[in-house]
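One structure below.
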Amino acid sequence: MTEPLLDVKDLAIHYRTGAGPVRAVDGIDFSIRPGESLGLVGESGCGKTTAAKGMLRLLPPNGDVAAGSIRFSGRDLVPLSEEEMRKVRWKDIAWISQAAMNALDPVYRVGDQIVEAMQAHIQIDKKDAWAHGETLFRAVGIDPSRLSAYPHEMSGGMKQRAIIAMAMALDPALVIADEPTTALDVVTQAQILARLGKLRRERGMSLLFITHDISVVVQTCDRVAVMYGGKIVETGPVRTVFRAPAHPYTMGLTNAFPTLEGAQRELISIPGTPPNLLDPPTGCRFAARCPFAQERCIAEAPAFHNVGGDHATACHFPEKAEEFRAISARNETWAKVGQRLGEIASAINSPADDIGEGNVIEVRGLKRHFPVAGGFLSSFSKKEDRKVHAVDGIDFELKAGEILGLAGESGSGKTTTGEMLVKLQDATEGEIRFAGSDVAHLKGKDLKAFRRSAQMVFQDPYQTLNPRFTIADIVGEPLTIHGLAKGKDLKLRVRQALERAGLKPAETYLERFPHELSGGQRQRVAIARAIVLEPSFIVADEPVSMLDVSIRAGVLNLMRRFREELGISFVYVSHDLPTIRYVADRTAIMYLGQIVEMGPTEDVISKRLHPYTRLLLDASPEPDPDIVKPPLEAAGEIPSAIEPPNGCRFHTRCPLATPVCGWEGRDVKSALDLRTIEGDAPAHLGKATVEGLDILIEVKGDAAAAADEVMSILTVRSPALAEVARIEPRGTNIHVGFEKKEPPPIRKLEDGHKVACVLYD
């Protein structure tokens, strides 16, 4: 057996407060071997990030390592002085934080920050450090010239790659990644994880990966440690733990996660909330929420029991694990826990099939463009004003009693579409017809009446509720605005909305403020506020993306329930296709402001006609340990919406692109840049300048050799690009020309399934 690189024993970390110590981490043991990846999984507040920050001594002033040891390469880090720890950070143990925007100094170039990190630990001059930074950027798939960029000039995925490059700068033995992909869309997340895995294998480093997303752990890590209430409750090889979980909490997590590739199944939320670590329970921390808890569980803390190989669990009844797994897969098991806790454990027994014939909303030719402000001199220019094509000509219907999913990466126009549907944004062109009227022209009383029929649930439950209002005031405000209820009737309807949203009994929430509720409870309050008017439709904008997996299922199930009980239609906006598959009847796939595929959800996911739909599905991680997906590395990033690509907007990333898809000079430029990123700069080609759809490339040396090199680069990029490009010499330059193409129209194929792709001409 290899000696552990990191060996944590009986680690306890407390936060000092006026009410006493909060036992955020309360005696945990785990180890990481050289070259191994360990996933640390659990709900918010379970102690994952605190444990990781304790290892690097990055705790806030009121945080202390109260007990235990953290042995790294045989040396205990706990007694080290601050100066000694400073030498360990970055050089031996690097950190990748959750929010890339907050991890980079906005007033320094990214390259300077990487150079600074290196010079703080080793003797190296700026020139050599900058050259090493270029090598690191190539390793993470970024053009080395971007070292000179400021953080605001980079996309979210590019910033996160830059953070990874900084973490690799000194070849650390261990990297701690704290939810590094939480704020990213599914394609960027897949690329980051693939790149991180490749670097880990190439450099032989170890990884501690912290997340609440078990699908990411299944696809990324070798072993997993499941945390709950400041303690580790189960540990073992990833595929063993999630294939046959031995602790009831792990069973609950796996039942709450939707799958994309497997058969449809019922999702179950875990009722209740994690324990108060100011005064933690005496026995098992999960006993209050456990469907199998007995008196012994409440009185006595369980010891770890080995259940085979490296698989161990902190449960009093490890021999009953197989029986518990079968029982925990049924919703009624958790419903009894919900009744005990005064909550509802909601699930949908079967998809509804009573979608109406009529349309609630009809969208035709909808566009939303945002003007891009230029400098002072731009006002004297005769050039066409630049604009962001956020939504660029889409058509769809929302049927009565239907849940329509809108899927796509960040920047595809999903949220803008949702906000236009409820008149939070005005359309640039097109129609949104509701009850026979175009919403765009509604004003005054007519607009107010429309708002009664259209509501929105936003992504962030922490910012959408007024912190100075009680829950009763928040939920009752729409009724007051529309003059629909007052006095006892108002209170009755508020209670009814809260209980419908799963907040039972409502009396315990009415006089509380948002900060006194958990994230899941706040999102349920937001949903209660949306349904209190019993609107015709609700736009739900990523309503579960910021919630723990254990409570996502409950929120998703609410949407189905309200559709069935109240007849409310939903537009569910998300980049997470597994949740869309679970909740939506039809799905529209959006890319760069346009709908590229649309149809019944199961058909869209099973047939995946458009190459972009295939990319989204390939990028979605699977919680099923029996499904292993290949790494996704070369998918590129979504182009700028200010100057959308020629022809099909997805052709720049499409592996099936044809000569008629709309190639242009920018594609040639990206192919040249890719050669530079890979460290193989063209020998006969100089500066390249894009001119409209064409590109002009300087020749260095022999013109014929330069033309051959251009053709070779284009062929490697795509044979279709090489076939359609018109290459001709112009003095000391080579001109590569292309034709203007229109995006392919969306075509109806069968059973309401539509696709916009030249492959289906």
Side-chain angles (χ1 to χ4, degrees), residues 4-17 21-33 36-73 75-80 85 88-89 92-98 167 172-180 182 206-214 216-217 220-236 238 241 247 249-250 253 274-278 280 285-286 301 304 312-314 548:
L5 174 70
L6 180 72
D7 193 16
V8 176
K9 294 290 186 186
D10 197 30
L11 179 64
I13 300 175
H14 298 170
Y15 291 113
R16 299 185 305 276
T17 70
V22 174
R23 302 173 183 273
V25 175
D26 202 11
I28 63 171
D29 300 341
F30 68 88
S31 62
I32 302 177
R33 304 182 187 104
E36 184 181 49
S37 176
L38 174 71
L40 203 55
V41 180
E43 291 173 272
S44 300
C46 72
K48 309 183 300 293
T49 298
T50 294
K53 287 187 173 180
M55 293 172 212
L56 284 172
R57 300 265 291 280
L58 294 175
L59 296 168
N62 68 328
D64 297 310
V65 177
S69 63
I70 305 168
R71 302 195 70 82
F72 177 78
S73 294
R75 181 171 63 158
D76 191 358
L77 302 182
V78 173
L80 296 187
M85 272 306 301
V88 172
R89 298 186 197 113
D92 297 321
I93 306 176
W95 174 272
I96 301 173
S97 64
Q98 180 174 354
L174 172 66
V175 171
I176 299 174
D178 182 16
E179 306 237 25
T182 298
S206 300
L207 177 68
L208 176 60
F209 197 96
I210 299 167
T211 183
H212 65 261
D213 190 337
I214 63 173
V216 169
V217 170
T220 305
C221 299
D222 305 312
R223 288 192 305 123
V224 64
V226 181
M227 282 194 76
Y228 182 79
K231 289 186 174 291
I232 291 177
V233 297
E234 186 166 0
T235 183
V238 163
V241 169
H247 194 280
Y249 178 59
T250 314
L253 288 181
N276 179 4
L277 297 180
L278 191 63
R285 300 278 166 95
F286 189 60
F304 259 92
T313 180
D548 285 312

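Nearest heavy-atom pair across Ala167 and Trp95 is CB-O, 4.4 Å. Considering all non-hydrogen atoms of both residues, Gly68 and Val78 come closest at O-CG2, 3.8 Å. Scanning all heavy atoms of the two residues, the minimum distance from Ile28 to Gly230 falls at CG2-O, 3.5 Å. Closest of all the heavy-atom pairs between Asp76 and Leu80 is O-CG, 3.8 Å. The heavy-atom pair separating Ile96 from Pro180 by the smallest distance is CG2-CB, 3.9 Å. Heavy atoms only, all atoms of each residue included: Tyr249 and Met227 are closest at CE2-O, 3.5 Å.
The local environment of CZ in Arg75 is sparse, with at most 12 non-hydrogen atoms from other residues, nucleotides or ligands closer than 6.0 Å.
Interatomic distance, OG of Ser73 versus CG of Leu5, reported as 4.5 Å (0.5 Å rounding). With rounding to the nearest 0.5 Å, the separation of CG in Leu277 from NZ in Lys231 is 10.5 Å. Here the CD1 atom belonging to Ile210 is positioned 11.0 Å from the OG atom belonging to Ser97, to the nearest 0.5 angstrom. Between Asp222 atom CG and Arg33 atom CZ the span is 9.0 Å, to the nearest 0.5 Å. In this structure, CG on Leu174 lies 5.5 Å from CZ on Phe72, to the nearest 0.5 angstrom. Atom CG of Leu40 sits about 7.0 Å away from atom SG of Cys46, to the nearest 0.5 Å.
Using a 30° and 60° split on the angle between ring planes, Phe286 and His247 fall in the tilted class, from 30° to 60°.
Between the side chain of Arg89 and the backbone N or O of Leu58 there is no donor-acceptor pair closer than 3.5 Å. Looking only at distances, no side-chain donor or acceptor of Arg285 sits under 3.5 Å from a matching main-chain atom of Pro274. Of the possible donor and acceptor atoms, none in the side chain of Asp26 sits under 3.5 Å from a partner among the backbone N and O of Ala12. Under the 3.5 Å distance criterion, the side-chain polar atoms of Arg223 are matched with a main-chain donor or acceptor of Ser31. Here the side chain of Ser69 pairs no donor or acceptor atom with the backbone of Arg71 at under 3.5 angstrom. A donor-acceptor contact shorter than 3.5 Å is absent between the side chain of Asp10 and the backbone of Gly27. With hydrogens and angles ignored, the 3.5 Å screen pairs no side-chain donor or acceptor of Lys48 with any backbone N or O of Phe209.
By the 4.5 Å heavy-atom criterion applied to side chains, Leu59 and Val65 are counted as neighbours. Side-chain contact between Leu6 and Ile70: present, with at least one pair of heavy atoms (C-beta onward) separated by less than 4.5 Å. The closest side-chain heavy-atom distance from Met55 to Ile93 is not below 4.5 Å. Between Leu11 and Phe30, the closest side-chain pair of non-hydrogen atoms is not below 4.5 Å. The side-chain heavy atoms of Thr50 and Tyr15, taken from C-beta on, include a pair separated by under 4.5 Å.
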